Amino acid sequence: MKTRYPTRVLAVDDEMTARDALATALGRFGHDVEVARDALEAQGKLRLDVSLLVLDAEMPGMDGFELAQRVRADPEWADIPILMVTGRDSQQDRLRAVEAGVSDFLPKPWELVELHLRSEALLRVKSSLDGVKRERADLEAEVSRRTGDLRRTLEDLAAAHRHTYQAHLDTVRSLVHAAECKDVDTAAHIDRIRWYADLLARGMGLSPHEIELIREATPMHDVGKIGIPDAVLLKPGPLTPAERLVMQRHTEIGARILGESDAEVLRLGRIIALSHHERWDGRGYPHRLAGKDIPLPARICAVADVFDALTMDRCYRLALPNEEVRSLMKAGRGSQFDPGVLDVFLGQFPEVERIQAAHRDRSLEARTA
């Protein structure tokens, strides 16, 4: 009788004759057999990569029941099948053995065929369990490998997106700087309006992503001024009605410059460029949108833009004091400005003035360059 599952088996019995008989029989089946004369020696030899434990129930000191219990309590050996050789056949003894973790019983005196059948059955289950464990380990390794590949792919994709996003921002800044070359007031204006818009977006409770987009897109609001003739853009005095219509075209020129881009920041820049001169009461331009039909980023830009425009020197007038501008803007609440956006702006006025002061030096340098 040869085993279909040749492996290392540990036979434990305090009686040498019984121990040798087990070892001889298991060896004839084709197993590599280790022997132990007591539970302590058995615990040590379990580390020899044993796949089946055959043990006597009655041994001095630690008996087979306690040994089985200790084996099952150790995660390293918890799935080793245990075949108990016992002359006890009471229901209480069998229940105790099952509770200790014994897999099957071999009655004394045992027969060779019975030993073969029971050991084969236990090893078949162990072989199947080992196969499942190997498949699970292989699957976990494959999942880990694929997860690593996916992680690297996502990291590469994120890096590409960051590169593309940065390229979009660089494009925008180049356009804005081109507008600066025509209007030095705009050069100082765009820094402050960026941070006013950031402050407003935070105050409106927008998400971090929305805040970043508004902060980066708002400086594009006047990019269309690059298409306005210098005679109108830099005129040192009030504009005529015809000239005012020419100036108003900068919103649509800016929208055309920014175009229909796949870049989120440029799409938002187009919206702001086109709509930042719309009014809450519908009397703005170019499309006379009213209320919440005006995109929120454009309403945010409108508040920031008007405040900064009125508090800076222009070629046709001097800057107005902050308090006077606050009063003028309050008067426009619900007519020119979204009441909610304006309230957030005025409610954070100390921070507005901090931003204004932080960027004042650059404004002066731009006007004297």
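Nothing here was measured: the structure is a model prediction, and the numbers come from that model.
- Looking only at distances, a side-chain donor or acceptor of R72 sits under 3.5 Å from a matching main-chain atom of A78.
- Between the side chains of T86 and E58, no donor-acceptor pair is found at a separation under 3.5 Å.
- Between S119 and V54, every side-chain heavy-atom pair lies at or beyond the 4.5 Å cut-off.
- A 4.5 Å side-chain heavy-atom check between C301 and I193 finds at least one atom pair inside the cut-off.
- No donor-acceptor pair under 3.5 Å is formed between the side chain of K45 and the backbone N or O of L40.
- Hydrophobic cluster membership is shared by L123 and L22, with clusters built from Ile, Leu, Val, Met, Phe, Trp and Tyr side chains linked at under 4.5 angstrom.
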query = How far apart are the C-alpha atoms of D198 and R202, what are their side-chain angles, what is the distance that settles it, and do they pass the salt bridge (charged side-chain N to carboxylate O under 4.0 Å, His left out) test?
reply = CA-CA 6 Å; D198 178 272; R202 292 178 190 277; 2.8 Å; yes
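- Interatomic distance, CD1 of I253 versus CG of L258, reported as 12.0 Å (0.5 Å rounding).
- V303 places a side-chain heavy atom less than 4.5 Å from the side chain of L200.
- The pair D138-R134 does not meet the salt-bridge criterion, since no charged nitrogen lies less than 4.0 angstrom from a carboxylate oxygen.
- The closest donor-acceptor contact from the side chain of K330 to the backbone of R333 lies at 3.5 Å or more, if one exists at all.
- In terms of modelled atom types and a separation under 3.5 Å, the side chain of R326 and the main chain of L346 share no donor-acceptor contact.
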ask   = What's the verdict on salt bridge (charged side-chain N to carboxylate O under 4.0 Å, His left out) for E252 and R249, showing C-alpha distance, side-chain angles and the deciding distance?
value = CA-CA 5 Å; E252 294 173 298; R249 288 177 50 217; over 6 Å; no
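- With a 4.5 Å cut-off on side-chain heavy atoms, L266 and M220 count as touching.
- In summary, the side chains of E278 and S275 do not present any donor paired with an acceptor at a separation below 3.5 Å, with no hydrogens or angles considered.
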key: Criterion ring pair (Phe, Tyr, Trp, His ring centres under 6.0 Å) on F307 and F349, from CA distance to verdict   = CA-CA 11 Å; F307 174 78; F349 205 71; 5.6 Å; yes
task = Show your working on salt bridge (charged side-chain N to carboxylate O under 4.0 Å, His left out) between R145 and E142 and close with a plain yes or no.
result = CA-CA 5 Å; R145 183 187 67 78; E142 180 65 12; 2.5 Å; yes
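- Between L26 and F29, some side-chain heavy-atom pair lies under the 4.5 Å cut-off.
- A donor-acceptor distance shorter than 3.5 angstrom exists from the side chain of H276 to the backbone of A273, with no hydrogens or angles considered.
- The two residues A201 and I211 have their closest heavy-atom pair at CB-CG1, 3.9 Å.
- The backbone N or O of W110 sits nowhere less than 3.5 Å from a side-chain atom of E114 that would complete a donor-acceptor pair.
- From L199, atom CG reaches atom CD of Q348 across 4.0 Å, with rounding to the nearest 0.5 Å.
- H277 NE2 to Q336 CD: the interatomic distance, rounded to the nearest 0.5 Å, is 10.0 Å.
- Distance alone, capped at 3.5 Å, places no donor-acceptor pair between the S144 side chain and the E140 backbone.
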task = Please assess R152 against D149 for the test salt bridge (charged side-chain N to carboxylate O under 4.0 Å, His left out), listing each intermediate value before the final yes or no.
result = CA-CA 5 Å; R152 285 188 291 274; D149 291 344; 2.4 Å; yes
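- Considering only heavy atoms from C-beta on, E120 stays 4.5 Å or farther from M1 through its side chain.
- Using a 4.5 Å heavy-atom threshold, the side chains of T17 and D20 count as separate.
- Taking all atoms of both residues into account, the shortest heavy-atom contact from R8 to D49 is CB-O, 3.8 Å.
- R194 contributes atom CZ, which lies 5.5 Å from atom CD of E216 (distance to the nearest 0.5 angstrom).
- Between the CD atom of Q356 and the OH atom of Y196 there is a distance of 4.5 Å, given to the nearest 0.5 Å.
- In terms of heavy atoms, M247 sits closest to V232 at CE-O, 4.0 Å.
- Smallest separation of non-hydrogen atoms from P81 and L122: CB-CB, 3.8 Å.
- Shown here for R70 and Q43, the closest heavy-atom pair between the two residues is CD-NE2, 3.8 Å.
- Using modelled atom types, one side-chain atom of D63 and one backbone atom of E66 make a donor-acceptor pair closer than 3.5 Å.
- With contacts defined as side-chain heavy-atom distances shorter than 4.5 Å, the pair F337/R299 does not qualify.
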